[in-house]
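Some notes on the structure that comes next.
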Amino acid sequence: MAVSLREPILQWYAEHNRDLPWRRPDATPWGILVSEIMLQQTPVSRVLPIWTDWMARWPAPEALAEASPGEAVRHWGRLGYPRRALNLHACARAITAEHGGRVPATYDDLRALPGIGDYTAAAVASFAYGGSHAVLDTNVRRVLARAVRGEEHPPKTTTAAERRLAESLIPPVGAPRWAVSIMELGALVCTARAPRCERCPVVSQCAWRSAGRPAGPVRRGQTYAGTDRQCRGRLLAVLRDAPGPVPKKALDVVWADHVQRERALDGLLDDGLAEVLPDGTYRLPA
DNA sequence: AATCCGTGGGT
DNA sequence: TACCCAAGGAT
């Protein structure tokens, strides 16, 4: 059955895997944790330079824990979803204070850290510690949706059936290798947009392929221009690129709509991504 | 369950 | 050129 997907995909990975720094033998659990949070909804190519800089600057949780949250946000640069920088900083402080400076090894302990959900906990437990978990990211879900269910896209949210299927495929030995293999296949071959079926090691057993690659329903993408998110991004960029506190005027000039701008700024303050000083200037959190 | 949360590159 | 979407998580 679906278990016959394993050997071809493992073999394909052995020949086609990318040499990524967080996959090397000398990668630390901390480096792997940092990479997983940076990779949430973010392409590898954009993570690489930021990850390299972070690991040189903060090679262990204790180092980041000693920095301010604002410094974490500043060095996050334009990776996107900057609350992840705050999450990573909070992870560093929790690991330092509650786990003796060692990244926890179990799924449950990892899952309890800020910004670490089901996927990231399973990924770190597996990749950093050799744990056996279903590592269900968007790549894996797409490969399974196509190869097994014969559909172009996975369901919007992870279903119990997907989880059962993923768990049934975990090999008794080498779970981490299997997880990274099927993820890599989704990332490089079984892509969302223009899948390279001619390079796929399991094309002969793919239900979607044999059905003629039927198109799934068109999914509504979220527009971005003019949103609060774009406004928040503009405002935070001002704070990030300034060496110190900035007057409110510096924020006002980057977004015309007054009501939306104030709402977005309040949101940044609420989220702990910015703070206001007694003199009315703004900066990244100290 | 549906929305919100950034950013930039590929198609 | 628009649009899609990328190793998700929190609410």
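Numbers restart at 1 for each chain; the letters A, B, ... are given by sequence-line order, proteins then strands.
- If you check every strand for non-hydrogen atoms under 4.0 Å, A/A192 touches sugar and phosphate atoms only.
- Nucleic acid contact for A/D271: none, since no nucleic acid atom lies under 4.0 Å from a heavy atom of the residue.
- For B/dG6, one of the phosphate oxygens OP1 or OP2 lies less than 4.0 angstrom from a side-chain nitrogen or oxygen of A/R232.
- For A/Y119 and A/E36, the side-chain atoms include at least one donor-acceptor pair closer than 3.5 Å.
- Phosphate proximity of C/dA7 to A/R141: absent, as no side-chain N or O sits under 4.0 Å from OP1 or OP2.
- Using a 4.0 Å heavy-atom distance criterion, A/G80 is classed as a base contact.
- Side-chain contact of A/N87 with A/R84: a donor-acceptor pair under 3.5 Å is absent, judged by distance alone.
- Nucleic acid contact class of A/S45 (heavy atoms, under 4.0 Å, all strands): none.
- When each of C/dG9, C/dA10, B/dT11 is scored by its nearest atom to the side-chain atoms of A/R193, the top-ranked nucleotide is B/dT11.
- The separation of B/dG8 from C/dG9, taken at their P atoms, amounts to 23 Å, rounded to a whole angstrom.
- Considering A/L33, A/D109, A/L64 as possible partners of A/I95, the one that fulfils the side-chain contact (heavy atoms from CB on, under 4.5 Å) test is A/L33.
- Here A/Q41 reaches the OP1 or OP2 of C/dG8: one of its side-chain N or O atoms lies under 4.0 Å away.
- The residue A/R78 sits close only to the backbone: its heavy atoms come under 4.0 Å of sugar-phosphate atoms, none of a base.
- Looking at the side chain of A/P82, the nearest of the listed nucleotides C/dA7, B/dG6, B/dT7 is B/dG6.
- Where A/L268 and A/K156 each meet DNA chain B at their nearest nucleotide, the meeting point lying more 5' is that of A/K156.
- The side chain of A/R46 lies closest to B/dT7, out of B/dT7, C/dA7, B/dG6.
- A sub-4.0 Å separation between OP1 or OP2 of C/dA6 and a side-chain N or O of A/T138 is present.
- Residue A/R263 places none of its side-chain N or O atoms closer than 4.0 Å to OP1 or OP2 of B/dC4.
- Each of A/L39 and A/P114 lies near DNA chain C, and the nucleotide nearest A/L39 is the one positioned closer to the 5' end.
- The stretch residues 14-34 of chain A touches DNA chain C through A/R18, A/L20, A/W22, A/R23, each having a heavy atom under 4.0 angstrom from the strand.
- Note on A/T120: only backbone sugar-phosphate atoms sit closer than 4.0 angstrom, heavy atoms only; bases stay farther off.
- Within the 4.0 Å cut-off from OP1 or OP2 of C/dG9, not a single side-chain nitrogen or oxygen of A/Y81 is found.
- In the set C/dC5, C/dA7, B/dT11, B/dT11 carries the atom at the smallest distance from any side-chain atom of A/R196.
- No engagement by A/L236 is indicated, since no non-hydrogen atom pair under 4.0 Å with the nucleic acid exists.
- Separation of the P atoms belonging to C/dA7 and B/dC4 is 23 Å when rounded to the nearest angstrom.
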